[in-house]
S.K.: 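Have a look at the structure that comes next, please.
Please read all numbers here as calculations on a predicted model, not as lab measurements. Basis for what follows: all heavy atoms, side chains included, without hydrogens, waters or symmetry-related copies.
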Amino acid sequence: MYAPDRSYNAGRGIVMAENGAVATAHPLATATGLNTLQQGGNFMDAAIATAAVLNVVEPYNSNLGGDVFMIVYDAKRDQVTALNGSGNAALDVSADKLPDGIPDRGMAASTVPGQVEGWITALEHWGTKPLGELLGPAIRYAEDGFFVNFKLANHIHGSREMLGKFDTSRALCLPGGKAPSPGERWSNPDLGRTMRVLADGGREAFYQGEIAEAITSYATNNGGFLSMEDFAAHQTQLIEPIRTTYRGHEVVGQPPASQGMIMLEELNILEQFPLSEWGHLSADCLHHSVEAKKLAFADRIAYLGDPDHVDNPLDVLLSKEFGKKRASEIDPDNISDNPSPGLIEEQNTTYFCVMDGEGNAVSFIQSIFAGFGAGCVVE
């Protein structure tokens, strides 16, 4: 007999399904993923169709100029794989060319876009449908438009000063000098055309053809460093994920250059405390969770970097001994405003996950680092 769990008081109920599930930050993206599954696509087909729609309806969180990271579970092989679809900096950039450091915005801040190649690699390994078919819903929303929600309207309005510095961004996001209002139909036909070129030409069109030529030309004329050589050299990495355990469960994450170790270190720290005894959303539970996050972020900032250039000490950071040591530094009665050795950074990223009826699943991140990424739209 079911006994109600009085401690569970979430605002939204848990969704349960037998033949697949899709969870995203936007209803149009979720609907696209579910429709792909219903039409016979598998988990990765649904994920790529979902990802493309998010590029259209959430341009402040992900777009064709960004990167992608996935943790993929192949149920048939009982195998977990990490996909790193992040792009390198331009070969021609160097510290002396950026005497004031990497700028927050503009083409000088841009790296090679890794997202598209990540999509294609994932489809080659786990998908069943062609990229062109999966891009269809995103192309339709880009060309025909969709209704702006409050979140998109607020993001554009809040970034209007930055977006207004770039002619192409201003024309797209601030027509007539104003941000679109909630409920207004908004379209991006140039993005739709770009996606059509991608649908027809695939990897070559984006990294060696018309799209790469447009991006590198715009970069050259607007203070950037990206070249056709940079695009041609880009590759997606399929690598072994990082792992830890939490109270008997194995947890896997994305290795560097991603920040996946943060959550795993947090779990190692929180394993030292009786969270279930304290209760869901209790003051003690929230306090220790937030403090653990601060400590893990501080360690990420101090020790992690591009694995091609930095020896990331993951064996130490993800060890149970290190987690226990960091847990001992949490004061149960006080908050730490400046946890050693660093401060938490802000990013803009979208996360979603997809699972199909066969038990295959993907944990999926698309990132552009800051809201609207570099802030400029390629002509």
Side-chain angles (χ1 to χ4, degrees), residues 17 19-59 61-75 81 83 85 113-146 187-207 209-212 234 236 238 350-358 360-368:
N19 297 315
V22 180
T24 86
H26 198 286
L28 293 180
T30 301
T32 296
L34 289 174
N35 189 49
T36 304
L37 291 175
Q38 290 166 346
Q39 292 181 348
N42 73 355
F43 77 118
M44 191 56 70
D45 300 326
I48 301 306
T50 297
V53 169
L54 286 169
N55 274 204
V56 179
V57 301
E58 274 193 351
N61 272 343
S62 71
N63 57 53
L64 292 178
D67 295 327
V68 63
F69 300 92
M70 305 179 205
I71 297 291
V72 182
Y73 176 65
D74 185 325
T81 303
L83 183 148
Q115 176 190 261
V116 169
E117 219 285 328
W119 287 355
I120 294 170
T121 298
L123 279 178
E124 289 173 345
H125 280 77
W126 297 286
T128 66
K129 292 181 177 291
L131 177 65
E133 177 182 338
L134 299 174
L135 292 180
I139 292 172
R140 185 173 69 253
Y141 288 128
E143 294 181 340
D144 297 342
F146 61 95
S187 63
N188 189 345
D190 285 338
L191 176 58
R193 189 181 74 82
T194 301
M195 285 190 169
R196 286 190 181 277
V197 173
L198 175 59
D200 292 337
R203 178 186 279 114
E204 289 72 23
F206 195 94
Y207 290 94
E210 179 181 349
I211 299 174
H234 175 73
T236 297
L238 296 177
T350 192
Y351 173 86
F352 67 93
C353 54
V354 177
M355 191 171 188
D356 64 22
E358 302 300 318
N360 303 297
V362 58
S363 177
F364 204 119
I365 283 177
Q366 293 186 156
S367 180
I368 48 176

S.K.: With side-chain contact (heavy atoms from CB on, under 4.5 Å) as the test, would you mind laying out the steps for Leu54 and Asn61 before giving the verdict?
M.R.: CA-CA 8 Å; Leu54 286 169; Asn61 272 343; over 6 Å; no
S.K.: CD1/Ile48 to CG/Leu123 distance, rounded to the nearest 0.5 angstrom?
M.R.: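 Spacing of CD1 (Ile48) from CG (Leu123) equals 4.5 Å.
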S.K.: Which class fits the ring pair Phe364 and Phe352: parallel under 30°, tilted 30 to 60°, perpendicular over 60°?
M.R.: parallel
S.K.: I'd like to check Val53 versus His26 (side-chain heavy atoms, cut-off strictly below 4.5 Å). Are they in contact?
M.R.: no
S.K.: What closest approach, in Å, do Ala46 and Gly33 show between heavy atoms, and which atom pair accounts for it?
M.R.: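 That closest heavy-atom pairing would be CB-O, 3.4 Å.
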S.K.: Provide the closest heavy-atom pair for Ala51 versus Trp119 in the form atom of the first, atom of the second, distance.
M.R.: CB-NE1, 3.6 Å
S.K.: Return the CE to OG1 distance between Met44 and Thr50, rounded to the nearest 0.5 Å.
M.R.: 11.0 Å
S.K.: Taking all heavy atoms of His234 and all of Gly114, pick out the closest pair and write down the distance.
M.R.: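 Residues His234 and Gly114, closest heavy atoms: NE2-CA, 3.5 Å.
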S.K.: What are the two closest non-hydrogen atoms of Gln39 and Lys129, and how far apart are they?
M.R.: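 Taking Gln39 first and Lys129 second, the nearest heavy atoms are O-NZ, 3.8 Å.
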S.K.: Can you tell me how far the CG atom of Asn19 sits from the CD atom of Glu358, to the nearest 0.5 Å?
M.R.: 9.0 Å
S.K.: Cut-off 3.5 Å, side chains only: do Thr128 and Asp45 have a donor facing an acceptor?
M.R.: yes
S.K.: So, taking the atom named CD1 in Ile365 and the one named CD1 in Ile71, what distance separates them when rounded to the nearest 0.5 Å?
M.R.: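 The distance works out to 8.5 Å.
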S.K.: Given side-chain contact (heavy atoms from CB on, under 4.5 Å), test Thr32 with Tyr141 step by step and report yes or no.
M.R.: CA-CA 11 Å; Thr32 296; Tyr141 288 128; 4.1 Å; yes
S.K.: Could you pull out the closest heavy-atom pair between Ala361 and Met355, with the gap in Å?
M.R.: CB-CG, 4.0 Å
S.K.: Could you work out, with side chain to side chain contact (heavy atoms under 4.5 Å, CB included) as the rule, every residue matching Ala25, not counting sequence neighbours?
M.R.: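 Result, side chain to side chain contact (heavy atoms under 4.5 Å, CB included) vs Ala25: Glu58, Thr350.
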S.K.: Under 3.5 Å, side-chain donor or acceptor atoms of residues 195-206 against the rest of the protein: list the pairs with distances, not counting sequence neighbours.
M.R.:
from	atom 1	to	atom 2	distance (Å)
Arg196	NE	Glu143	OE1	3.4
Arg196	NE	Glu143	OE2	2.7
Arg196	NH2	Glu143	OE1	2.9
Arg203	NE	Glu117	OE2	2.6
Arg203	NH1	Glu124	OE2	3.0
Arg203	NH2	Glu117	OE2	2.9
Arg203	NH2	Glu124	OE1	3.3
Arg203	NH2	Glu124	OE2	3.4

S.K.: side-chain contact (heavy atoms from CB on, under 4.5 Å) for Ile368 and Asn63? Distances and angles first, verdict last.
M.R.: CA-CA 7 Å; Ile368 48 176; Asn63 57 53; 3.7 Å; yes
S.K.: Tyr73 and Ser363: side-chain donor and acceptor closer than 3.5 Å?
M.R.: no
S.K.: Using side-chain contact (heavy atoms from CB on, under 4.5 Å), reason through Trp126 and Thr81 one step at a time and then give a plain yes or no.
M.R.: CA-CA 11 Å; Trp126 297 286; Thr81 303; 4.0 Å; yes
S.K.: Please report the closest heavy-atom contact between Asp144 and Ser187, naming both atoms and the distance.
M.R.: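 Here Asp144 and Ser187 meet closest at C-CB, 4.3 Å.
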S.K.: What's the separation between atom OG1 in Thr194 and atom CG in Leu135, rounded to the nearest 0.5 Å?
M.R.: 11.5 Å
S.K.: Side-chain contact, heavy-atom cut-off 4.5 Å: Leu64 with Ile211?
M.R.: no
S.K.: Does Ala75 offer a backbone N or O that forms a donor-acceptor pair with the side chain of Asn360 under 3.5 Å?
M.R.: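 Yes; judged by distance alone, with no hydrogens or angles, the pair exists.
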